[in-house]
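The structure under discussion appears below in the form of structure tokens.
Quick note on labels: first sequence line is chain A, next is B, and so on, each numbered from 1. Here the structure is a predicted model, which is why all the values come from computation and not from measurement.
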Number of protein chains: 4
Amino acid sequence: MSADPERAARPHTGRQRNEAARRAILDAALELLMEAGRSPITVDTIAERAGVGKQTIYRWWPSKYAVVLDAISGHAERDIPIPDTGTLHGDLTAFIRGSFRGACDAATAGALRLMAAEAQHNTQAGDLLRGFTERRRAALREVLERGQRRGELAPDADLVLLVDQAYGVLWYRVLVGHAPLTQALADRLVRGLIAQGSTP
Amino acid sequence: MSADPERAARPHTGRQRNEAARRAILDAALELLMEAGRSPITVDTIAERAGVGKQTIYRWWPSKYAVVLDAISGHAERDIPIPDTGTLHGDLTAFIRGSFRGACDAATAGALRLMAAEAQHNTQAGDLLRGFTERRRAALREVLERGQRRGELAPDADLVLLVDQAYGVLWYRVLVGHAPLTQALADRLVRGLIAQGSTP
Amino acid sequence: MSADPERAARPHTGRQRNEAARRAILDAALELLMEAGRSPITVDTIAERAGVGKQTIYRWWPSKYAVVLDAISGHAERDIPIPDTGTLHGDLTAFIRGSFRGACDAATAGALRLMAAEAQHNTQAGDLLRGFTERRRAALREVLERGQRRGELAPDADLVLLVDQAYGVLWYRVLVGHAPLTQALADRLVRGLIAQGSTP
Amino acid sequence: MSADPERAARPHTGRQRNEAARRAILDAALELLMEAGRSPITVDTIAERAGVGKQTIYRWWPSKYAVVLDAISGHAERDIPIPDTGTLHGDLTAFIRGSFRGACDAATAGALRLMAAEAQHNTQAGDLLRGFTERRRAALREVLERGQRRGELAPDADLVLLVDQAYGVLWYRVLVGHAPLTQALADRLVRGLIAQGSTP
DNA sequence: CCCTAAACGAGACGGTACGTCCGGTCTTAAT
DNA sequence: ATTAAGACCGGACGTACCGTCTCGTTTAGGG
């Protein structure tokens, strides 16, 4: 059927996707993430909150995890642009402070926890999660590489490790919840990473 | 299942706790953690695999997460003793290599993922997880403090942050699964942490 | 489906009803009734089989039951004309044999079952069914009244009951399916009804 | 598994079926059948009304149709015992009046309609329905055979046909709903059947 | 001879019910 | 008293249809 040439030639004549429903679903997911703990995040709950049939969710997303990730990945990419302050310290501070602030947001924290949770026994949720984190790591790496080109990090600095340390701290605290992600912590982390990266 | 020879050999013990059942439950949990993905880790699954009634699990553990944590925490504490090589570099290498090796074990990795997963919407699982990680962080902190006392780290080094960076990398890679926890990575991490901690 | 040659040959007819689509829908319904059990009879199924949009069905019929009844009612009225052999026995035999033969047809039997099924929780389907059966009962009653006028039945014979007995046997066997509607059964039924009706 | 000899040898030690739940489910089904039309009969509805988990229904009955049939078949067998008045006319009147009265009961009528409905596209519901009707036909046949042995029906009377006519009228009127099942109708039907059966 | 309104195919939409799965509790009979 | 077995309530899951609602296309017929 997908090989049907006539099918490919005919663009799409059916009713189009309802953008309002899409937004309502993502917004409902965000709301519920923020309330996470109070009420569990359920496909039925999302559908009800969004005023939408369950099938409309399953039509466009393979699982509620895809919805949740979709709902927050807009945030992350919009709210944490790759900064350009001229110095590595400035860029890194901006980026990591922004990331920490984002991860403190109840919805985002809820989503990260939910994704990590599901990725364990759901291959597909794992793929989604890896895709999402990969994009975030690439952004941070971009910041570091710029600093490296400017000579603010040693030429042989282990950027992959630095990136994993930064996001490691973030995820570890979000998931385990033993301590908060303060802005002061972000600053100390920045100092530490630069110290590591500039040591020959 | 009914053909399991070990099963036939484990008789009821009447009114005192049946140690064989305890072991069977923990072993079943470990087995299932190792097969994670293939068969789901369910209370019923654990009970069936162990040849045990569900109530026997709930009688001795408050939830399946307690079982899982119980099943692996023996490992962690037995396999990663606090080393004493005389140098911070040696101790840290031993500890982090050991931790990484432990976390690569399928059962342990499965348990970490499962715990992180559940801690999100289950207060009790969260407490268990925080208790477990707290003990591990204390062990690593002990190693660092010893080095600090020996002058191998600056007196004002941010040990809390160093600990979170180390475990952050471990958990981040285990949970997201974008890259493996190699021994080489452990060594590079050790170098980074010492560089960071010894910078004034 | 897209390879259906008839489909390509059925162009839009603009603002008047497309007779080809009407036929395609009725034919699809008949086909599906004949295959009942294999594929479920669904509005979507009918639409797909007919190569038609669902709305085209709902535009012209109030429900799928109306479609189904429309699809088979042609049969019944065409195939079982009110006979005129000169004797009650002859007429009744012709009529009941014809009715039984019709009800043995897979499509018709499927439609009767489907209608009876739906009439239970769908007022509108019930009305359609009563309208359909009313017309069939009137036809049989016509046959009986003619015989009564000729003196072949007692003047006070309970024609309503005789009609219900005849159609009762037919529907009972179709719906319950414990025994087939053979021509021999039709003959025995005719004999019984005449015996009953001619007894003073 | 069912061939496992050890399994057969071990009697059954688990918790036993909760009779109260069984009754609550059947009663809820009956109540809902009586209200049929107002609210549709749903597994969830039955479960909720009975204060029972859905799984408890599916554990013991393969479908809601089995529940419904179970709920009413007690009635039929209890309320319409095979009568023994000494004459065929008396027995038949008692039996058919009883059957008509039973079929007028809202719950029973609802169940018959529901079963007929489902039997169309559900093989298993069809088998249940055939089993149920078979038992009822056997009871009526017993009444007729007794009359035949007493010489009240011709030795070659077509008992199968007489039975199908009686139940045919009942089902036809219940399902199509064009006319009620009055006691007067029962009496006229009895007269007609005896007239048929006693004609040589 | 264009322009519009109806009919069409496609298919997304809000709902309702389905049958399955799991968590955590409770009950039985056996040890 | 503890065990294996397993029934119980509750609640989320993902699927299947229903009947409605747009879309963009096609064409007959009125201006």
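Using a distance-only test at 3.5 Å, with no hydrogens or angles considered, no donor-acceptor pair links the side chain of C/Thr42 to the main chain of C/Asp44. Looking at C/Lys64, its side chain does come within 3.5 Å of a backbone N or O of C/Ile41 through a donor-acceptor pair.
For the pair C/Ala21 and C/Val52, the tightest heavy-atom approach, listed with the atom from each and the gap, is CB-CG2, 4.2 Å. Across all non-hydrogen atoms, the minimal contact from C/Ala47 to C/Gly53 is CB-C, 4.3 Å. C/Thr45 approaches C/Pro40 most closely through the heavy-atom pair OG1-O, 3.4 Å.
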A/Trp61/A/Val43 under side-chain contact (heavy atoms from CB on, under 4.5 Å): CA gap, chis, key distance, verdict: CA-CA 11 Å; A/Trp61 291 276; A/Val43 178; over 6 Å; no
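Protein atom CG of C/Asp44 is 13 Å distant from nucleotide atom P of F/dT20, rounded to whole Å. What separates CD1 of C/Ile57 from P of F/dC17 is a distance of 14 Å, to the nearest Å. The CD atom of A/Glu48 sits 16 Å away from the C1' atom of F/dC13 (whole-angstrom rounding). Going from atom OH of C/Tyr58 over to atom C1' of E/dA12 covers 15 Å, rounded to whole Å. Rounded to whole Å, the distance from CD1 on A/Ile41 to P on F/dC13 is 10 Å.
For the helix from E/dC1-F/dG31 to E/dT31-F/dA1, the angle separating the two terminal helix axes comes to 10°, with each axis derived from five pairs and the value rounded to 10°.
Within the cation-pi definition used here (under 6.0 Å to the ring centroid, within 45° of the axis), D/Arg17 qualifies as a partner of D/Trp60.
Shown are D/Ile72, D/Leu69, D/Leu129, D/Val68; of these, the side chain to side chain contact (heavy atoms under 4.5 Å, CB included) with D/Leu114 is made only by D/Val68.
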Could you list, one pair per line, each protein nitrogen or oxygen that sits under 3.5 Å from a nitrogen or oxygen of nucleotides 13-15 of chain E, together with the distance?
| unit_1 | atom_1 | unit_2 | atom_2 | d |
| --- | --- | --- | --- | --- |
| E/dC13 | OP1 | A/Asn18 | N | 3.0 |
| E/dC13 | OP2 | A/Arg59 | NE | 3.1 |
| E/dC13 | OP2 | A/Trp60 | NE1 | 2.5 |
| E/dG14 | OP1 | A/Gly51 | O | 3.4 |
| E/dG14 | OP2 | A/Gly53 | N | 3.2 |
| E/dG14 | OP2 | A/Thr56 | OG1 | 2.8 |

